[in-house]
Amino acid sequence: MKPPRRQFLHLAAGAAALPFAPHVARAQGYPTRPVRIIVGFSAGGTTDIIARLIAQWLSERLGQQFIIGNRPGASANLATEAVVRASPDGYTLLAVVGTNAINATLYDKLSFNLNRDIAPVAGFTRSPLVLEVHPSVPATTVPELVTYAKAHPGKITMGIVWRRLNVSRRRRVVQDDGWRRLAPRAVSWFRSHAH
């Protein structure tokens with residue numbers, strides 16, 4: 001059976017255009033213009049320094065400028081929101097850290113959903129998150145700690161240590177800019193205060 005004449009003409013036209021298709025369908029190289037990497041913390045901090053090192057390496061490797069933009073505030077939520085609102089074209093990136101994951105569980109009314117609105121591209125550092133309990137607490141796993149906390153409301157205090165020994169215990173905040181002695185001070189504080 002012969003194909004209908006119109007179908008034959010469409011096939012013939014498509015075949016005639018085929019040699020020109022690679023020139024038309026070729027994708028542009030990435031990046032073709034400068035790329036912004038948004039950091040949710042002030043310049044000079046750990047995340048900023050790592051982002052600047054990565055940006056320099058990417059600029060050298062890809063031949064296009066990668067620019068760091070610091071948007072500190074609201075525990076990096078301002079930076080995340082700025083990236084979520086940017087055009088999803090790959091030219092505005094977010095330096096995501098553990099704080100972003102914690103914020104997703106800590107804040108009820110964020111204007112974005114980190115899992116839905118941000119797509120991971122590459123990982124360039126890892127930071128451990130550690131949960132410790134005082135030896136007097138009879139919990140050795142997270143589920144045991146949750147069960148214990150629910151059974152003893154108001155009896156558990158919590159402390160958080162980050163960067164410059166900013167330790168919060170209930171409503172009291174202790175700040176110390178002594179970078180070199182962070183680990184010993186943090187351990188000492190937790191031993192004496194977190195029960």
Side-chain angles (χ1 to χ4, degrees), residues 30-31 33-62 64-132 142 145-146 149 156-183 185-187 189-190 193-194:
Y30 174 84
R33 58 188 169 95
V35 178
R36 292 184 325 142
I37 300 176
I38 306 298
V39 176
F41 304 97
S42 299
T46 305
T47 307
D48 177 68
I49 291 169
I50 292 170
R52 289 179 190 279
L53 291 170
I54 295 297
Q56 179 182 353
W57 182 81
L58 288 169
S59 295
E60 292 168 1
R61 179 149 189 218
L62 299 177
Q64 193 59 254
Q65 197 172 16
F66 281 72
I67 303 163
I68 301 300
N70 297 90
R71 298 286 297 266
S75 295
N77 287 332
L78 296 179
T80 306
E81 187 172 344
V83 173
V84 167
R85 290 183 180 194
S87 177
D89 56 8
Y91 287 90
T92 305
L93 307 176
L94 177 66
V96 176
V97 294
T99 303
N100 298 96
I102 293 168
N103 289 347
T105 63
L106 193 61
Y107 296 100
D108 294 329
K109 296 180 181 178
L110 293 174
S111 63
F112 57 87
N113 179 312
L114 189 67
N115 292 330
R116 180 194 67 218
D117 299 330
I118 299 291
V121 176
F124 49 82
T125 184
R126 292 183 182 173
S127 298
L129 297 175
V130 178
L131 176 65
E132 295 180 350
V142 172
L145 180 61
V146 170
I156 302 279
T157 56
M158 180 189 86
I160 300 170
V161 176
W162 67 96
R163 207 175 334 158
R164 296 182 182 170
L165 188 60
N166 293 314
V167 182
S168 62
R169 180 176 176 236
R170 291 189 185 154
R171 291 192 176 117
R172 194 175 111 219
V173 176
V174 178
Q175 293 185 321
D176 186 335
D177 290 336
W179 284 77
R180 283 180 272 172
R181 297 179 304 278
L182 171 62
R185 285 185 184 182
V187 170
W189 191 92
F190 271 103
H193 291 87

With side chain to side chain contact (heavy atoms under 4.5 Å, CB included) as the criterion, how do L93 and V35 come out once you've worked through the C-alpha distance, each side chain's angles and the decisive distance to 0.1 Å?
CA-CA 8 Å; L93 307 176; V35 178; 3.8 Å; yes
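- Between Q64 and S59, every side-chain heavy-atom pair lies at or beyond the 4.5 Å cut-off.
- Side-chain contact between L114 and T80: present, with at least one pair of heavy atoms (C-beta onward) separated by less than 4.5 Å.
- A 6.0 Å sphere centred on CZ of R61 holds no more than 12 heavy atoms belonging to other residues, nucleotides or ligands.
- Side chains of I54 and F66 form no contact here, defined as non-hydrogen atoms less than 4.5 Å apart.
- Closest approach of R71 and I38 over heavy atoms only: CG-CG2, 3.6 Å.
- Inter-residue side-chain proximity for L94 and I118 is flagged as met; some heavy-atom pair is nearer than 4.5 Å.
- If you take CG on L58 and CG on L53, they are separated by 11.0 Å, rounding to the nearest 0.5 Å.
- Among residue pairs with one or both ends in residues 80-105, those qualifying as ring-ring contact (aromatic ring centres under 6.0 Å, His included) are Y30-Y91; sequence neighbours excluded.
- Under the salt bridge (charged side-chain N to carboxylate O under 4.0 Å, His left out) criterion, D108 pairs with no residue at all, not counting sequence neighbours.
- More than 12 heavy-atom neighbours from other residues, nucleotides or ligands sit within 6.0 angstrom of CZ on R52.
- In terms of modelled atom types and a separation under 3.5 Å, the side chain of N103 and the main chain of S75 share a donor-acceptor contact.
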Side chain to side chain contact (heavy atoms under 4.5 Å, CB included) evaluation trace for N77 with L110
CA-CA 8 Å; N77 287 332; L110 293 174; 3.5 Å; yes
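- Nearest heavy-atom pair across G40 and A79 is CA-CB, 3.4 Å.
- Looking only at distances, no side-chain donor or acceptor of T92 sits under 3.5 Å from a matching main-chain atom of P88.
- Atom-to-atom distance recorded for L62:CG and W57:CH2 is 7.0 Å, nearest 0.5 angstrom.
- Using a distance-only test at 3.5 Å, with no hydrogens or angles considered, a donor-acceptor pair links the side chain of D48 to the main chain of G44.
- Annotation for V39 and A95: closest pair CG2-CB, 4.1 Å, computed over non-hydrogen atoms.
- Put simply, the side chain of R33 reaches to within 4.5 Å of the side chain of D89, judged on heavy atoms.
- Pairing each heavy atom of T105 with each of I102, the nearest pair is OG1-O, 2.8 Å.
- Taken from CD1 in I49 to CD1 in I68, the straight-line distance is 11.5 Å, to the nearest 0.5 Å.
- Of all heavy-atom pairs between P34 and I67, the closest is CB-CD1, 3.9 Å.
- Using modelled atom types, one side-chain atom of N70 and one backbone atom of F41 make a donor-acceptor pair closer than 3.5 Å.
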